[in-house]
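Only one structure is covered here, and it is reproduced in the block below.
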Number of protein chains: 2
Amino acid sequence: MALRHAVLAALLDEELSGYQLAKAFDLGVANFWYAQPQQLYAELTRLERDGLVSGREVVQESRPNKRLFRVTDAGLAELEEFTAASTKPSFIRDDLLVKVQAADHVDTTALVAQLTERAAFARARIDLFGKLLRGMRGDRTEEEFLRDGDRIGPYLTCLRGLAFEEGNRDWCERTVATLRERRQASSPR
Amino acid sequence: MALRHAVLAALLDEELSGYQLAKAFDLGVANFWYAQPQQLYAELTRLERDGLVSGREVVQESRPNKRLFRVTDAGLAELEEFTAASTKPSFIRDDLLVKVQAADHVDTTALVAQLTERAAFARARIDLFGKLLRGMRGDRTEEEFLRDGDRIGPYLTCLRGLAFEEGNRDWCERTVATLRERRQASSPR
DNA sequence: TCTGACTAGTCAGATTCATGACTATGGATT
DNA sequence: AATCCATAGTCATGAATCTGACTAGTCAGA
C-alpha cells in the first residue's frame with residue numbers, strides 16, 4: 001500500500017480533483033511517485049470508502065463537474081503511522097539498465113539512440129524541476145527557504161528528483177560516449 | 001515483461017543456478033533490478049519452457065543438487081529485440097520520498113531516524129559498488145578498462161548504481177540537516 | 001544434541017500495477 | 001463542418017509483483 005500514502009501526501013497541501021491529481025502524478029510534477037489516472041481514481045474511491053479522504057462535488061458551468069478531495073483527520077493519522085513505520089530500501093528498476101547490462105552481447109546502435117533519448121528526457125525534467133523549485137522558494141535563496149519556509153516537503157522531494165535526473169543525464173552521456181568510442185575502435189573505416 | 005529480460009541479461013556472462021541468481025538480485029549486486037527468489041525461480045521455469053534459457057542438472061555431494069542455467073540463441077535474440085525496442089522512462093518510486101513530501105504535516109522524529117538509516121544503507125552500498133568496480137577493472141584505470149575491457153556492461157550499470165546511492169546519501173544527509181535545524185528553530189530549549 | 005544458518009527450490013494466494021476502451025462536454029483549430 | 005484537444009471520470013481485464021509458508025539436507029557452534 002504505497003500509492004495510497006502517496007495520494008494522501010499529495011493531497012495534504014491542496015484540495016485536488018482526481019483529474020488534477022492524475023496530471024501531477026503523470027507528468028512527473030509529483031516526482032516522488034508515478035501512477036496512471038485510472039489507478040488514482042480507484043485509489044481515491046478506496047480512500048474515501050475508508051474515510052481517509054473526503055470528496056465534495058463542485059458544480060461547474062462550462063465543463064464537467066468534478067470532485068475535490070481533501071485528507072481527513074483519519075487520513076492524516078494514517079500518514080503519521082506510515083511515516084513512523086520503517087521504510088524498505090528502494091532500488092533502481094530500469095529497462096535501460098537491463099539493456100546496458102547486456103551491451104557486450106547485443107548490437108549497441110539502438111541502445112545508443114535510446115540513451116540519447118533518455119538524456120534528453122532527463123534534461124527536460126531537470127529544466128522542469130528547476131522551475132518548480134524557483135517557483136516554490138520565490139525570491140529567497142534555497143538556504144533561506146529551507147530554514148524559514150513553510151511546506152518544504154515538496155521542495156525536498158523535488159530536490160531528490162532533480163538530483164536523480166542529473167544522475168541520469170550524466171550517466172547516459174557518459175555511457176553513450178563510451179559505447180561510441182568502442183565502436184569506432186573495433187570497426188575503423 | 002521486464003524481469004524476464006533482467007534475468008537473461010544477468011545470465012549472459014555466467015551460468016548460474018536459481019539460487020545464485022537470487023543472491024545476486026536480492027543483495028543488490030545486480031544493481032539494475034531487484035527481485036525475490038520466488039520470482040526468479042518462476043521466471044526461470046517460464047524462460048526454460050519458452051526455450052530462452054536451458055538448464056542442466058549438477059549433482060552435488062554434500063549439498064542439494066542444483067540446476068545451472070544459460071541463455072540460448074533464442075534467448076539472445078529475445079534480448080536483442082528487447083534492446084532494440086523503445087524504452088519507457090523510469091521514475092523514482094520510494095516510500096521515503098512520500099514520507100518527506102508529508103514532512104510539514106507529520107512528526108519528523110521518526111522520519112529523521114529513517115533518513116539516517118537510509119543514508120547508512122546507501123553508504124554500505126557505495127562501499128560494495130566501489131569494491132565491485134575495482135574487482136572488475138583489476139589494475140587498470142577506469143578509462144582504460146572502459147576502452148579496452150570486455151564485458152563493460154556490468155561495469156556501466158554498476159556505475160549508475162553507485163551514482164544513485166551517492167545521490168541517496170547526499171540527499172538524506174541534507175534533508176536530515178534541514179529537518180533538524182528547523183526543529184531546533186521552532187522549539188528552542 | 002539442539003539450534004540456527006546456508007544451500008536449493010517449490011506452491012499458493014493476494015496485492016498491485018498497467019492497459020485499452022469507453023462516456024460526455026466544451027473550446028479551438030483546420 | 002469536422003476534427004482535435006482538454007476536462008472529468010469509469011470499467012474491465014490481464015500482467016507483474018510481492019508475501020508467507022513449506023520441504024530437505026548439510027554444517028558449525030552452544
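Proteins come first, then strands; the chains are lettered A, B, ... in the order of their sequence lines, and each starts at number 1.
We find that CD of Q39(B) is positioned 18 Å from P of dA14(C), with the value rounded to whole Å. Between the P atom of dG9(C) and the CG atom of N65(B) lies a distance of 9 Å, rounded to the nearest Å. Rounding to whole angstrom units, CZ of residue R46(B) and C1' of dT10(C) are separated by 14 Å. Counting to the nearest Å, the C1' atom of dG9(D) and the CG atom of L44(A) are 11 Å from each other. Between the CH2 atom of W33(A) and the P atom of dT16(C) there is a distance of 11 Å, rounded to whole Å. As rounded to whole Å, 9 Å separates atom P of dG9(C) from atom CZ of R67(B). As rounded to whole Å, 12 Å separates atom P of dT16(C) from atom CG of D95(B). Atom CD of Q36(B) is separated from atom C1' of dA21(D) by 14 Å (rounded to the nearest Å).
D94(A) is listed as a side-chain neighbour of R118(A), based on a closest heavy-atom distance under 4.5 Å.
Checking the phosphate oxygens (OP1, OP2) of dG9(D), a side-chain nitrogen or oxygen of S17(A) falls inside 4.0 Å. Dashed line: the shortest gap from a side-chain N or O of R93(A) to OP1 or OP2 of dC18(D) is under 4.0 Å. For dT7(C), one of the phosphate oxygens OP1 or OP2 lies less than 4.0 angstrom from a side-chain nitrogen or oxygen of Y19(B). The side chain of Y41(A) contributes an N or O atom lying less than 4.0 Å from OP1 or OP2 of dG9(D).
Closest to the K66(B) side chain, of the nucleotides dT17(D), dG20(C), dA8(C), is dA8(C). For Q60(B), counting side-chain heavy atoms from C-beta on, the closest listed nucleotide (dG9(D), dA8(C), dT19(C)) is dA8(C). The listed nucleotides are dC17(C), dA8(D), dG20(C); the one nearest the side chain of L3(A) is dC17(C). The side chain of K23(A) lies closest to dT7(D), out of dG20(C), dA18(C), dT7(D).
Using bins of under 30°, 30° to 60° and over 60° for the plane-to-plane angle, the ring pair F82(B)/H5(B) lands in the parallel bin.
The pair K66(A)-E57(A) does not meet the salt-bridge criterion, since no charged nitrogen lies less than 4.0 angstrom from a carboxylate oxygen.
If you check dA16(D) for Watson-Crick or wobble pairing at under 3.5 angstrom, you find it paired to dT15(C).
R160(B) and N168(A) are linked by a side-chain donor-acceptor pair at a separation below 3.5 angstrom, with hydrogens and angles left out of the test.
Across all strands, Q38(B) comes closer than 4.0 Å to base atoms (heavy-atom distances). Using a 4.0 Å heavy-atom cutoff across all strands shown, T45(B) reaches no nucleic acid atom at all.
Side chain of E48(A) to backbone of V53(A): no donor-acceptor contact under 3.5 angstrom is found.
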